[in-house]
2 protein chains.
Amino acid sequence: MSLSHAILGLLTITPMTGYELKNEAFDTTIAHFWQADQAQIYRTLAAMAENGWVKVELEIQEDRPNRKVYSITEAGREELRRWLHTEQPLPIHREPFLVQMFFASALDDATILDHIARQRRGHEARLAQYQRIPVPPLGDPALDRTRTFWRLTLEMGIAMERAYLAWLDQCEAVVRGMRDDEAGERA
Amino acid sequence: MSLSHAILGLLTITPMTGYELKNEAFDTTIAHFWQADQAQIYRTLAAMAENGWVKVELEIQEDRPNRKVYSITEAGREELRRWLHTEQPLPIHREPFLVQMFFASALDDATILDHIARQRRGHEARLAQYQRIPVPPLGDPALDRTRTFWRLTLEMGIAMERAYLAWLDQCEAVVRGMRDDEAGERA
DNA sequence: CTATTATATATGTAAAGTCATATAAAAGCG
DNA sequence: CGCTTTTATATGACTTTACATATATAATAG
């Protein structure tokens, strides 16, 4: 359960509601390398409260639904500290498009080029989104220790998207350059 | 269920048992961008047989456990063809190490450098493994249409691992170069 | 000669992730 | 004035993934 550790980390910054955690903290930071939906975050928070890793304060609001503000406990800090010292497994990638490309020889070139173009638009959008995140670049004197690590993870996100785009260019070039005698059966 | 489509694709090459599918076909190809364990593959094959996408032939063996050889049916080919034409979602990355790095400011530099070194060893091993896969490089005349796409997905795997290694170098350089006045509280 | 690895399939269980939907009311938009 | 978005939490239902374990035998390694 890396999700609970991500949440613990975010709660060290400031106490938050599940809603804020999801929409303000999580989705703008960790979601780039660890996705979770609203249901998962709420359920994980409930489990963490039972563990004693976080505590809840109910804020009654009259004009709004009540807020449950979660904050990290000493036990939670301890658990986060422990987890931060453990070795992490290598990343797991789920790439349906790569599965498709692996078997793309059965498709005609126009369809493949269309698939490539769509993937490119998606990755361009992701890259643009990353580049709008306001964290000072490496070397900037405004970068403190905390933000240095934020910046490093962002650098990885940007590097990944650039690698995808470069690869998509390569795919396109290869498909466009394929001679007919490389053509097998197609669907 | 992209796994069943991956299996369909592999079964277009040749009929196979679940065992062969897992240990000979899947793990040496698609596992790099779509992981699945033995239990999942066996259960997915059973579901696909119920769907009519594959059919089974029982080979009775005396000295060995019996083999169930799966082959793709016309309905399976049709489904694969349909799926190959659909647009695929962007990749999902689960990167526990990136979560850890995001909160690494709480760790001392030596621990961080150790984490980085361990990740590097893992990625170096993956890269070496990819580079041992015997698929002719792009441009090689021995590369037919089918293998061209295999090679392209391999190129992506190699590019990914190189991007990771470059990023780990960057992380290491940044951590080594951090001055004490960038140091915050640590655990 | 024993222990491990390879061949081959199956299942129980739990954790994690996805998708949809329910409730409730304010604020903003056209 | 009605429609959509934002704020805020909750749960049902399902699928997918992961981890462990069971069975059985041959071949290989030490």
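Per chain, numbering begins at 1; letters A, B, ... match sequence-line order.
Side-chain nitrogen and oxygen atoms of B/R94 include at least one within less than 4.0 Å of the OP1 or OP2 phosphate oxygen of C/dG17. Listed pair B/T17 / C/dT9 meets the phosphate criterion, a side-chain N or O lying under 4.0 Å from OP1 or OP2. The phosphate of D/dT9 has neither OP1 nor OP2 within less than 4.0 Å of any side-chain N or O from A/Y19.
The CD1-P distance, from A/I30 to C/dG17, rounds to 14 Å in whole Å. Distance B/R67 CZ to C/dA6 P: 17 Å, rounded to the nearest Å. Residue A/Y42 contributes atom OH, which lies 14 Å from atom C1' of C/dA22 at whole-angstrom precision. Atom NZ of B/K22 is separated from atom C1' of D/dC19 by 13 Å (rounded to the nearest Å). Regarding B/L21, its CG atom lies at a distance of 13 Å from the P atom of C/dA8, rounded to whole Å. If you take CG of A/N23 and P of D/dA8, they are 10 Å apart, rounded to a whole angstrom. Straight-line distance from the NZ atom of B/K68 to the P atom of C/dT11: 8 Å, rounded to whole Å. Per the geometry, CD belonging to A/E57 stands 14 Å off P belonging to D/dT9, to the nearest Å.
On a pure distance criterion of 3.5 Å, a polar donor-acceptor pair joins the side chain of B/Q38 and the base of C/dA10. If you check distances only, the side chain of A/Q35 never reaches the base of C/dA16 with a donor-acceptor pair under 3.5 Å.
Taking the charged nitrogens against the carboxylate oxygens, B/E172 and B/R120 do have a contact shorter than 4.0 Å, which makes a salt bridge. Of the charged side-chain nitrogens involved, none lies within less than 4.0 Å of a carboxylate oxygen, so that A/R43 and A/D37 do not count as a salt-bridged pair.
Of the options A/D114, A/D108, A/D109, a side chain to side chain donor-acceptor pair (under 3.5 Å) to A/T111 is made by A/D108 and by none of the others.
With the nearest nucleotide of DNA chain C identified for both A/L3 and B/A39, B/A39 has the one nearer the 5' end.
Among the atoms of the strands shown, none is found under 4.0 Å from any heavy atom of B/A46. Across all strands shown, B/E20 has no heavy atoms under 4.0 Å from either base or sugar-phosphate atoms. At a threshold of 4.0 angstrom between heavy atoms, the contacts of B/A36 with the nucleic acid are absent.
Open room surrounds CD on B/E57; 12 or fewer heavy atoms of other groups in view lie less than 6.0 Å from it.
Of the candidates D/dA8, D/dA18, C/dA10, the closest approach to any side-chain atom of B/D37 belongs to D/dA18. The A/W34 side chain lies nearest to C/dG17 when the options are C/dG17, C/dA20, D/dA18. The B/Q40 side chain lies nearest to D/dT16 when the options are D/dT16, D/dC19, C/dT7. Considering only side-chain atoms of A/R43, the nucleotide from C/dT18, C/dG12, D/dA8 that sits closest is C/dT18.
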Step by step, would you call B/E155 with B/T153 a side chain to side chain donor-acceptor pair (under 3.5 Å)?
CA-CA 5 Å; B/E155 292 291 329; B/T153 63; over 6 Å; no
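Judged as a salt bridge (Lys or Arg N to Asp or Glu O under 4.0 Å), and not counting sequence neighbours, B/K68 has no contacts.
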